[in-house]
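Order of the sequence lines fixes the chain letters, A, B, ..., with proteins taken first and strands second; residue numbering starts at 1 for each chain.
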There are 2 protein chains.
Amino acid sequence: METRIEKIKQQLQAQGYKLTPQREATVRVLLENEEDHLSAEDVFMLVKEIAPEIGLATVYRTLELLTELHVVEKMNFGDGVARYDLRGDNSKHHHHHLICVQCGSVDEIMEDWLLPLEHRLEQEYHFTVLDHRLDFQGICHRCNEKNKKS
Amino acid sequence: METRIEKIKQQLQAQGYKLTPQREATVRVLLENEEDHLSAEDVFMLVKEIAPEIGLATVYRTLELLTELHVVEKMNFGDGVARYDLRGDNSKHHHHHLICVQCGSVDEIMEDWLLPLEHRLEQEYHFTVLDHRLDFQGICHRCNEKNKKS
DNA sequence: GTGGTTGCAAAACGTTTGCAGAATG
DNA sequence: CATTCTGCAAACGTTTTGCAACCAC
């Protein structure tokens, strides 16, 4: 945990940026909620518990900065808010989401199932794949269970 | 073309809605630009050429209505605007996009490559798939060609 | 002291809504 | 004639920006 913050600090400094207390607090919130997909407002409210004087604009600016550095990933599930996720250590982050249309939960699958498809894209469509994104909408296992009972 | 409008008219009327001139103009714009992924503002500007007195709110309301009827599909590429696509006649529309990070173009692949994956999801994760979405970010064949020359 | 950084407030953005009037069947 | 539908303007929620003050090296 501390080592990950240290690493992010180095990434910032390598580009001439500083790890200010506000930025550190923001990163800590992201680390502590790595499983979730927090909106900027979510992050803001959580950061406020650590650093009550922080402004919403700073959170936005920090999240934007971290996105540029590929420390977090900005994503969009179609409700009007951007959501932010800490990226793993592997340079390429594969984000496969299971979005439940019943309870709204978003689970992640970590496997990468798309490599053979990316090969076909390169060969048949001459498209150079840099990243991808795969979302499934449906009913999650929890709701499936719940529905069975009723 | 006319038959597709006729069909949409029937779908509207089946739910008690009317195909007003404004709605028809909006549908025509979508039909004429079936290849593109137009934003509401794009549609608005194009509709204005046919029906100059139309208001932006009407375009939004029409697009929302058509989305409810599954005549168009609303989607989101992460820039802050919703984009709208006419749906094909097949009930399930599979939207695989090749998004070029260099020129911003969005191409579509029509094939459905994900059926085996959906099977695994059902069996290993007990997730019932209703729909999915697959986007690739990368360099399109046109830009690849262009880059080769320079 | 120079340059990045902050909080605040105001502005901008895409989108939605309230309303009175017009059009439709 | 009841209902749906429209255009306009205002409101909305999220995000961005301008700015003066602030802090770190």
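Between the CG atom of L63(A) and the C1' atom of dT5(C) there is a distance of 15 Å, given to the nearest Å. For the pair Q15(B) CD and dG25(C) P, the computed distance is 17 Å after rounding to whole Å. Per the geometry, CZ belonging to F44(B) stands 15 Å off C1' belonging to dT16(C), to the nearest Å. One interatomic measurement links the two molecules: CD of E41(B) to C1' of dT16(C), which rounds to 14 Å at whole-angstrom precision.
With no hydrogens or angles considered, no side-chain donor-acceptor pair links H70(A) and Q11(A) at under 3.5 Å. A donor atom on one side chain and an acceptor atom on the other are not found under 3.5 Å apart for E145(B) and H126(A).
Residue contacts shown for L56(A) include a base, since a base heavy atom lies under 4.0 Å away. Within 4.0 Å (heavy atoms only), R23(B) reaches sugar-phosphate atoms of the nucleic acid but no base atom. Within the nucleic acid shown, E64(A) has no heavy atom closer than 4.0 Å to any nucleic acid atom.
Mapping V59(A) and Q13(B) onto DNA chain C via the closest heavy atom, the residue that lands nearer the 5' end is V59(A). When the nearest nucleotides of DNA chain D are assigned to A82(A) and Y17(B) by heavy-atom distance, the more 5′-ward of the two goes with Y17(B). The 5' end of DNA chain D is approached more closely, in terms of each residue's nearest nucleotide, by A57(B) than by the other of A57(B) and Y84(A).
Linking ILVMFWY residues whenever their side-chain heavy atoms come closer than 4.5 Å, directly or via other members, places L114(B) and W113(A) in the same cluster.
Summarising the geometry of E122(B) relative to T128(B), their closest heavy-atom pair is OE1-CA, 3.7 Å, with the distance given to 0.1 Å. Nearest heavy-atom pair across F44(A) and G55(A) is CE1-C, 3.6 Å.
Under a 4.0 Å N-O distance rule, the pair R83(B)/D85(B) does not qualify as a salt bridge.
Dashed line: the shortest gap from a side-chain N or O of Q22(A) to OP1 or OP2 of dG7(C) is under 4.0 Å. Taking 4.0 angstrom as the limit, T20(A) places none of its side-chain polar atoms (N or O) nearer than this to OP1 or OP2 of dT5(C). Residue Y60(B) places no side-chain N or O under 4.0 Å from the OP1 or OP2 atom of dT16(C).
Here the rule is salt bridge (charged side-chain N to carboxylate O under 4.0 Å, His left out) with E34(B), and of R28(B), R87(B), R4(B) only R4(B) fits it.
The listed nucleotides are dT24(C), dG7(C), dG18(C); the one nearest the side chain of R61(B) is dG18(C).
Taking the 5' to 3' direction, DNA chain D first and last meets chain A under 4.0 angstrom from a heavy atom at dT14(D) to dG18(D).
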